> 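Please see the structure below; I have some questions.
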Amino acid sequence: MVAFKLEAWTAVAPSLESKSDWQEWISDPSPIIDNTLNVNLKHIPMMLRRRFNALGKSAMGAIGQLSLEDQSIPCIFASQHGDTHLTLSLLEGIGRQEDMSPTGFSLAVHNAISGLYTIATKNESSVTAISAMQGHIASALFETLSQLQVSERVLCVIYDTQLPELYRPYSQSTDFPYAIAIVFSREHGDSLSLEYTAPLNNIDELSTYESELKAFIAFLLNDSNVFTCSNNGTNWTLKRQPQHVC
């Protein structure tokens, strides 16, 4: 078991812009039809702001609610596959024998969004970009614990968007763009622990993308004291520890 703390968190998605919005959606989930994001990107300079599409806007919108301006802390950005819409458009252009846009290519790499964020905020701390398919929440937590061994605080951003239609038969994905931005700490916030549970022997035990996302949001909202996530066929359990009153 490894102990650490949750200092602050926010999450954004279309029509889900506050914790009360997420609370209502978790209690009575309904399909999100309109994928239009209404996020505040004032903390990102205009010249950089226009480089973000839905995936990047969701990540920047969630981070912006944490008010981390002028704070240079290590960052972890975790998504399933990254910006597959942009990558697919580049591949389609290659198929048409078109020249590839250097800007398009630079924004399609998996660390593009995190790189733009550090440029915009002049964050000189370490940055990790993770792509782990269905294991990206667990992988983000593992990396967080690793970074907390040498840093007091870590910003962890878990974000994703729906896959292009071409890829949907081959992988699960969310149906809408979203981002969860969390500040984890050694000293401040709610006490948590992460521990290995058991290997999964039955593939039916693997949660769907949507059910794991909802369970994680419910944990953050304090609706649940336990969140179980899977990574490479194993279970890991995140627990909220009771607060001790002296």
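All values reported here derive from a predicted model rather than from experimental measurement.
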> Count the heavy atoms of every other residue, nucleotide or ligand shown that sit under 6.0 Å from CZ of R96, and state whether that count exceeds 12.
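More than 12 within 6.0 Å, yes.
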
> Give a yes or no answer on whether the side chain of R240 reaches the backbone of S224 with a donor-acceptor pair at less than 3.5 Å.
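Yes, R240 side chain to S224 backbone: donor-acceptor pair under 3.5 Å.
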
> Show the numbers, then the answer: is there a salt bridge (Lys or Arg N to Asp or Glu O under 4.0 Å) between E7 and R153?
CA-CA 9 Å; E7 182 177 313; R153 301 163 75 227; 2.9 Å; yes

> CE of M60 to CG of L48: how many Å apart, nearest 0.5 Å?
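M60 atom CE to L48 atom CG measures 10.5 Å (nearest 0.5 Å).
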
> Any side-chain to backbone donor/acceptor pair from D160 onto Q80? Under 3.5 Å, distance only.
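Confirmed, D160 side chain pairs with Q80 backbone.
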
> Does any N or O in the side chain of N231 come within less than 3.5 Å of the main-chain N or O of G135, such that one atom is a donor and the other an acceptor?
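Yes, N231 side chain to G135 backbone: donor-acceptor pair under 3.5 Å.
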
> Taking E17 for its side chain and A13 for its backbone only, find out whether a donor-acceptor pair lies under 3.5 Å.
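Looks like no, no N/O pair under 3.5 Å.
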
> Within the 4.5 Å heavy-atom criterion, are Y178 and Y159 side-chain neighbours or not?
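Result no, sub-4.5 Å side-chain heavy-atom pair not found.
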
> So do D83 and I113 actually touch side chain to side chain, heavy atoms under 4.5 Å?
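When only atoms from C-beta onward are counted, D83 and I113 do not touch, as no gap falls below 4.5 Å.
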
> On a heavy-atom basis, which atom in E165 and which in R168 lie closest, and how many Å separate them?
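Here E165 and R168 meet closest at OE1-NH1, 3.0 Å.
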
> Could you see if L155 belongs to whatever hydrophobic cluster contains F52? Use Ile, Leu, Val, Met, Phe, Trp, Tyr and a side-chain cutoff under 4.5 Å.
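Same hydrophobic cluster.
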
> Any heavy-atom pair between the side chains of P164 and Y167 that's under 4.5 Å?
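Yes, their side chains come closer than 4.5 Å.
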
> Go through the side-chain N and O atoms of Q23 and D223 and say whether any donor and acceptor fall under 3.5 Å apart.
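A donor-acceptor contact under 3.5 Å links the two side chains.
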
> As a quick check of understanding, evaluate side-chain contact (heavy atoms from CB on, under 4.5 Å) for I73 and V154, giving each step before the final call.
CA-CA 6 Å; I73 63 175; V154 174; over 6 Å; no

> Pair Q147, I76 - check side-chain contact (heavy atoms from CB on, under 4.5 Å), show working.
CA-CA 9 Å; Q147 294 287 348; I76 299 161; 4.0 Å; yes

> Can the ring centres of F219 and W22 be said to be less than 6.0 Å apart?
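Here the rings of W22 and F219 have centres that are no less than 6.0 Å from each other.
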
> Taking atom NZ as the centre, does K239 end up with more than 12 heavy-atom neighbours from other residues, nucleotides or ligands that are less than 6.0 angstrom away?
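Not more than 12 within 6.0 Å, no.
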
> What is the minimum heavy-atom distance between A140 and C156, and which atoms define it?
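Looking at all heavy atoms of both residues, the closest pair is CB-SG, 3.7 Å.
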
> In this structure, would I180 and L194 fall into the same cluster of hydrophobic residues linked by side-chain contacts under 4.5 Å?
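Linked, I180 and L194 end up in one cluster.
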
> Can you tell me how the ring of W236 sits relative to the ring of F142, calling it parallel under 30°, perpendicular over 60° and tilted otherwise?
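If you compare the ring of W236 with that of F142, the planes turn out perpendicular.
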
> Any chance the side chains of K5 and S185 put a donor and an acceptor closer than 3.5 Å?
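No - no donor-acceptor pair under 3.5 Å links their side chains.
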
> Between E143 and T128, is there a side-chain donor-acceptor contact under 3.5 Å, judged purely by atom types and distance?
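A donor-acceptor contact under 3.5 Å links the two side chains.
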
> Output yes when a side-chain donor or acceptor of T87 lies under 3.5 Å from a complementary backbone atom of T84, and no otherwise.
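No.
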
> Okay, side chain of H136, backbone of I130: is any donor-acceptor separation there less than 3.5 Å?
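No; zero donor-acceptor contacts below 3.5 Å.
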
> What's the spacing between F4 CZ and L192 CG if we round to 0.5 Å?
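One finds 5.0 Å between CZ of F4 and CG of L192.
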
> Do S230 and N235 pair up side chain to side chain, a donor and an acceptor below 3.5 Å, judged on atom types alone?
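Side-chain D/A pair, S230 to N235: absent.
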
> If we ignore hydrogens and angles and just use 3.5 Å, is the side chain of H85 paired with the main-chain N or O of Q162 as donor and acceptor?
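Such a contact is found between H85 side chain and Q162 backbone.
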
> Using the rule that Ile, Leu, Val, Met, Phe, Trp and Tyr join whenever any side-chain heavy atoms are under 4.5 Å apart, tell me whether L220 and L148 fall into a single cluster.
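Per the 4.5 Å side-chain linkage, L220 and L148 are co-clustered.
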
> Is it the case that S20 and S18 place a side-chain donor and acceptor less than 3.5 Å from each other?
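Side-chain D/A pair, S20 to S18: present.
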
> For the side chain of T10 and the backbone of A62, is there at least one donor-acceptor N/O pair under 3.5 Å apart?
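Such a contact is found between T10 side chain and A62 backbone.
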
> Quiz question: by atom type and distance under 3.5 Å, do the side chains of S171 and H81 form a donor-acceptor pair?
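Yes, because at least one side-chain N or O of S171 sits under 3.5 Å from a partner of the opposite role on H81.
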
> Measure from the side-chain N and O atoms of S173 to the backbone N and O of L163, and report whether any donor-acceptor pair falls under 3.5 Å.
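It does hold such a pair.
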
> With no hydrogens and no angle check, do the side chains of N111 and S114 hold a donor and an acceptor under 3.5 Å apart?
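Checked: N111/S114 side chains show no N/O donor-acceptor pair below 3.5 Å.
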
> Would you name the heavy atoms of T161 and L55 that are closest together and state the gap between them?
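Result for this residue pair: N-CD1, 3.8 Å.
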
> Give the cluster check for L221 versus F184: same hydrophobic cluster or not, with ILVMFWY residues linked at side-chain heavy-atom distances below 4.5 Å.
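Yes: a chain of side-chain contacts under 4.5 Å links L221 to F184.
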
> How about S15 and D34: does a side-chain donor come under 3.5 Å of a side-chain acceptor?
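Note: S15 and D34 side chains miss the donor-acceptor criterion.
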
> Can E195 and T237 be said to form a side-chain hydrogen bond (donor to acceptor under 3.5 Å, both in side chains), step by step?
CA-CA 5 Å; E195 59 187 70; T237 299; 6.0 Å; no

> Show the nearest heavy-atom pair for residues A138 and C229, with the distance to one decimal.
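Scanning both residues completely, I find the closest heavy atoms to be CB-SG, 3.7 Å.
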
> Give me the atom names and distance for the closest heavy-atom approach of L116 to L107.
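Result for this residue pair: CD1-CD2, 3.7 Å.
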
> Has R186 got a side-chain atom pairing as donor or acceptor with S151's backbone, closer than 3.5 angstrom?
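A pair under 3.5 Å: yes.
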
> For E124, is the CD atom crowded, meaning more than 12 foreign heavy atoms sit under 6.0 Å from it?
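Open.
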
> May I ask you to decide if the ring planes of F227 and F216 are parallel, tilted or perpendicular, using 30° and 60° as cut-offs?
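The rings of F227 and F216 sit tilted, inter-plane angle from 30° to 60°.
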
> For T36 and P14, work out which heavy atoms get closest and say how close.
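Heavy atoms only, the tightest pair is O-CB, 3.5 Å.
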
